[in-house]
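Just so you know, these numbers come straight off a predicted model, no measurement behind them. FYI, side chains are in, hydrogens and waters are out, and symmetry mates aren't considered; it's all heavy atoms of this structure.
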Amino acid sequence: TSEFPDITVTFRAALEGGGSATDLSSLALTEDGEPIEGFALSSIDAGTEVIFAIDANESISTRDGGALSRREKVRDALNLFADEYMAEGSDLVSVIVPVDDEHPNGELLRNGIFINELKNAANFYSPDFDGGIDLNDLLNRALTVAAANVADGRSQAIVLFSDGALDDAT
């Protein structure tokens, strides 16, 4: 780049129990095992973007030997994320689902910033099992959401909830 030999590194340090570390005074950087001196630290509050993609095929109603169905486990995982890890106001969350009559664009939530938005989406989702699930389409729509928000500077992740079956693709 035109900045060579200067480089910019984004570093995120999470605390046990959630949140970000703010004291990085003991951070040491090395290159080829040699300490790097004179580096500058600056803090940014860019948040994180997580896009959940739910492969809600007929097996999502299955109970795998426990009291909860797979759909209920997905619901609980989304609620746990909302309660324990989501930084309201700075994180961005979307939930991509198969296209059906109730969700013609295949989005349960798009660019949510409030914890209750994610919790409501998780708690009230009821999948429609008409036809097969196109996993390619599901993941491509998740990638489209990520691409639309990449300029915001957030770290991005796509989390896929799936039974892994390939025979349900249309």
Side-chain angles (χ1 to χ4, degrees), residues 1 3 7-25 27 39-57 59-61 68-130 133-164 168:
T1 70
E3 301 292 321
I7 62 169
T8 301
V9 176
T10 302
F11 176 78
R12 293 182 186 267
L15 298 172
E16 184 177 355
S20 296
T22 55
D23 179 12
L24 301 178
S25 60
L27 179 67
F39 59 88
L41 295 176
S42 62
S43 178
I44 59 170
D45 186 22
T48 300
E49 178 179 15
V50 181
I51 303 156
F52 295 99
I54 303 173
D55 174 14
N57 61 46
S59 78
I60 202 165
S61 298
L68 299 176
S69 69
R70 292 175 181 175
R71 186 194 62 77
E72 292 165 328
K73 290 176 183 178
V74 169
R75 176 204 62 206
D76 291 353
L78 293 175
N79 278 310
L80 177 68
F81 177 83
D83 289 335
E84 299 294 329
Y85 302 103
M86 187 173 172
E88 190 168 76
S90 65
D91 287 349
L92 201 60
V93 178
S94 297
V95 182
I96 306 301
V97 296
V99 172
D100 60 26
D101 291 339
E102 191 173 335
H103 308 95
N105 63 355
E107 295 176 358
L108 195 56
L109 177 64
R110 175 84 179 248
N111 297 338
I113 60 169
F114 298 110
I115 290 170
N116 280 340
E117 288 179 294
L118 178 56
K119 292 174 76 77
N120 286 336
N123 291 332
F124 297 109
Y125 177 53
S126 179
D128 180 2
F129 302 121
D130 288 345
I133 305 302
D134 185 342
L135 280 176
N136 241 2
D137 175 65
L138 189 74
L139 290 173
N140 279 327
R141 286 186 288 113
L143 289 167
T144 298
V145 171
N149 295 327
V150 73
D152 292 345
R154 291 178 174 89
S155 294
Q156 296 178 303
I158 296 174
V159 177
L160 172 64
F161 292 101
S162 178
D163 63 359
D168 62 346

Glu102 CD to Leu108 CG distance, which is reported to the nearest 0.5 Å: 8.5 Å
Check whether Glu49 reaches the backbone of Leu92 with its side chain - one donor and one acceptor, N or O, closer than 3.5 Å. no
Within 6.0 Å of CZ in Phe114, more than 12 heavy atoms from elsewhere: no
Quick one, Glu117 with Val93, criterion side chain to side chain contact (heavy atoms under 4.5 Å, CB included). Give me CA distance, side-chain angles, the key distance, then yes/no. CA-CA 9 Å; Glu117 288 179 294; Val93 178; over 6 Å; no
Return the CG to CG distance between Leu160 and Leu138, rounded to the nearest 0.5 Å. 6.5 Å
Can you name the closest pair of heavy atoms from Ala56 and Pro127 and give their distance? CB-CB, 3.7 Å
Should Asn111 and Ser94 be marked as a side chain to side chain contact (heavy atoms under 4.5 Å, CB included) after you check the CA-CA gap, both sets of side-chain angles, and the distance that decides it? CA-CA 5 Å; Asn111 297 338; Ser94 297; 3.6 Å; yes
Donor-acceptor check, side chain of Ser162 to backbone of Asp55, threshold 3.5 angstrom: yes or no? no
Straight-line distance of Phe161 CZ to Arg75 CZ, nearest 0.5 Å: 12.5 Å
Before you tell me yes or no, could you show the steps for Thr48 and Tyr85 under side chain to side chain contact (heavy atoms under 4.5 Å, CB included), namely the whole-Å CA-CA distance, both residues' side-chain angles and the distance that decides it to 0.1 Å? CA-CA 10 Å; Thr48 300; Tyr85 302 103; over 6 Å; no
Sidechain-backbone polar pair: Asp128 side chain, Asp100 backbone, donor-acceptor under 3.5 Å: no
Could you grab the distance from atom CD1 of Ile113 to atom CE of Met86, nearest 0.5 Å is fine? 8.0 Å
Could you give me the CA-CA distance, side-chain angles and deciding distance for Ile158 and Leu143, then say whether side chain to side chain contact (heavy atoms under 4.5 Å, CB included) is met? CA-CA 8 Å; Ile158 296 174; Leu143 289 167; 3.6 Å; yes
Ser59 and Arg70 side chains, donor-acceptor separation under 3.5 Å: yes
Whether the side chain of Arg154 engages the backbone of Val50 through a donor-acceptor N/O pair (distance < 3.5 Å, no angle test) should be reported. no
Straight-line distance of Asn120 CG to Ile115 CD1, nearest 0.5 Å: 12.0 Å
Give a yes or no answer on whether the side chain of Glu107 reaches the backbone of Ile96 with a donor-acceptor pair at less than 3.5 Å. no
